[in-house]
Amino acid sequence: MSFRGANAQSGMGVADHCKSAYLELQRKKVHRYIVFKIDEKKKEVVVEKTGGPAESYEDFTSSLPENDCRYAVYDFDFVTSENCKKSKIFFIAWSPAVSRIRAKMLYATSKDRFRRELEGIHYEIQATDPTEMDLEVLQDRAH
């Protein structure tokens with residue numbers, strides 16, 4: 001099954017590996033996070049980096065570039081007030097204020113279609129600086 005359909009607005013496809021890596025995160029807990037980037041030459045979204053289950057939120061945030069856009073998913077584990085272990089998957093659209101206008105436009109126009117490929121996302125965060133995606137932001141959204 002191929003997921004390389006072109007996005008009508010931006011012409012971006014989605015590499016098959018994006019979907020399979022996401023399913024590994026969602027179902028098998030193989031990854032704590034996945035960082036995706038748009039490969040402008042191939043005109044598709046590709047996996048740039050994955051983080052193992054033992055990696056921290058700090059490891060995840062440090063893997064995002066300071067001056068370029070990315071998409072990411074993060075599997076957030078937490079304990080409820082009833083002492084139950086839960087997990088929520090966050091989709092993060094990272095678009096730092098200092099990134100190129102072309103990159104911001106490209107990521108903005110491709111986001112909705114790419115996000116739809118990833119079924120089972122619980123929450124979405126759009127961040128232009130690190131404070132908009134602090135760990136506390138995830139904790140507040142998840143509870």
Side-chain angles (χ1 to χ4, degrees), residues 1-40 42-100 103-143:
M1 184 178 227
S2 178
F3 294 95
R4 290 180 186 258
N7 183 325
Q9 291 180 352
S10 69
M12 282 303 138
V14 178
D16 293 338
H17 184 60
C18 292
K19 184 82 170 184
S20 60
Y22 173 71
L23 291 173
E24 288 174 348
L25 174 141
Q26 182 187 37
R27 297 184 180 152
K28 298 178 184 171
K29 305 289 186 191
V30 172
H31 311 296
R32 170 68 55 205
Y33 63 86
I34 307 169
V35 177
F36 303 96
K37 75 175 198 173
I38 293 177
D39 183 326
E40 291 190 52
K42 292 182 180 176
K43 292 200 177 306
E44 68 181 5
V45 179
V46 298
V47 172
E48 180 178 54
K49 181 178 191 325
T50 58
E55 292 197 43
S56 69
Y57 192 69
E58 198 173 290
D59 295 329
F60 163 64
T61 56
S62 67
S63 71
L64 294 171
E66 291 178 20
N67 59 358
D68 202 3
C69 304
R70 292 293 185 270
Y71 303 125
V73 289
Y74 185 82
D75 189 5
F76 178 63
D77 291 333
F78 63 100
V79 177
T80 67
S81 55
E82 294 86 33
N83 211 25
C84 294
K85 284 188 174 182
K86 295 243 175 168
S87 172
K88 298 288 181 187
I89 298 174
F90 283 81
F91 178 87
I92 298 168
W94 172 241
S95 183
V98 295
S99 57
R100 297 178 338 224
K104 289 181 194 177
M105 301 262 307
L106 191 58
Y107 277 80
T109 57
S110 303
K111 179 181 70 83
D112 288 338
R113 182 187 177 282
F114 177 61
R115 162 87 170 63
R116 281 194 303 272
E117 295 284 347
L118 309 177
E119 294 178 22
I121 298 282
H122 297 106
Y123 301 104
E124 182 175 321
I125 293 176
Q126 296 197 36
T128 57
D129 76 67
T131 61
E132 295 175 342
M133 50 180 264
D134 277 343
L135 188 55
E136 292 78 37
V137 172
L138 271 67
Q139 289 168 334
D140 289 346
R141 296 281 296 275
H143 289 290

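Just so it is clear, the structure is predicted and the values come from calculations on it, not from any experiment.
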So does Glu58 have more than 12 non-hydrogen atoms from other groups sitting under 6.0 Å from CD?
-> no

Taking every heavy atom of His122 against every heavy atom of Ser87, the minimum-distance pair comes out as CE1-O, 4.0 Å

Side chain Trp94, main chain Thr61, donor-acceptor under 3.5 Å = no

Is the shortest heavy-atom distance from the side chain of Thr50 to the side chain of Glu24 under 4.5 Å?
-> no

What distance do Leu106 atom CG and Arg100 atom CZ have between them, rounded to the nearest 0.5 Å?
-> 8.5 Å

Check Asp77, Asp59, Asp75 against Arg32 for a side chain to side chain donor-acceptor pair (under 3.5 Å) and give me the one that passes.
-> Asp77

Just wondering, do Phe114 and Cys18 contact through their side chains at under 4.5 Å, heavy atoms?
-> yes

Heavy-atom closest pair (Phe91 atom, Ile121 atom, distance to 0.1 Å) is CB-CG2, 3.7 Å

Parallel, tilted or perpendicular for Phe60 and Tyr33, by the 30°/60° rule?
-> tilted

Flag yes if more than 12 heavy atoms outside Lys29 fall under 6.0 Å of its NZ atom; otherwise flag no.
-> yes

Where is the tightest heavy-atom contact between Ile125 and Glu132, given as atom of each residue plus distance?
-> CG2-O, 3.6 Å

Check the side chains of Asp134 and Thr131 for a donor-acceptor pair under 3.5 angstrom, ignoring hydrogens and angles.
-> no

Got a second to check how far Glu48's CD is from Tyr71's OH, nearest 0.5 Å?
-> 13.5 Å

What's the shortest heavy-atom distance between Val45 and Phe36, and which atoms?
-> CG1-CB, 3.8 Å

Does the side chain of Tyr22 reach to within under 4.5 Å of the side chain of Val47, using non-hydrogen atoms?
-> no

Residues Cys69 and Ser99: closest non-hydrogen pair is SG-OG, 3.4 Å

Would you please test Gln26 and Val73 for side chain to side chain contact (heavy atoms under 4.5 Å, CB included) and show each step?
-> CA-CA 10 Å; Gln26 182 187 37; Val73 289; over 6 Å; no

With side chain to side chain contact (heavy atoms under 4.5 Å, CB included) as the test, would you mind laying out the steps for Val137 and Tyr123 before giving the verdict?
-> CA-CA 11 Å; Val137 172; Tyr123 301 104; over 6 Å; no

Please round to the nearest 0.5 Å and tell me the distance separating atom CE of Met12 and atom NZ of Lys43.
-> 5.5 Å

Heavy atoms, side chains only, cut-off 4.5 Å: are Leu138 and Lys88 in contact?
-> no

How are the rings of Tyr74 and Phe76 set to each other: parallel, tilted or perpendicular (split at 30° and 60°)?
-> tilted

Which atoms form the tightest heavy-atom contact between Lys104 and Ala97, and what is the distance?
-> NZ-O, 2.9 Å

Salt-bridge present (Arg70, Asp68; N to O < 4.0 Å) | yes

Distance from Leu118 atom CG to Leu25 atom CG, nearest 0.5 Å?
-> 9.5 Å

Spacing of Glu117 atom CD and Asp112 atom CG [to the nearest 0.5 Å] | 12.0 Å

Determine, step by step, whether Phe78 and Gln139 satisfy the side chain to side chain contact (heavy atoms under 4.5 Å, CB included) criterion, reporting the C-alpha distance in whole Å, the side-chain angles of both residues, the deciding distance to 0.1 Å, and the verdict.
-> CA-CA 8 Å; Phe78 63 100; Gln139 289 168 334; over 6 Å; no

Calculate, to the nearest 0.5 Å, the distance between atoms CD and CG belonging to Glu66 and Leu64 respectively.
-> 10.5 Å

List the steps, then state whether side chain to side chain contact (heavy atoms under 4.5 Å, CB included) holds for Gln126 with Lys111.
-> CA-CA 10 Å; Gln126 296 197 36; Lys111 179 181 70 83; 3.4 Å; yes

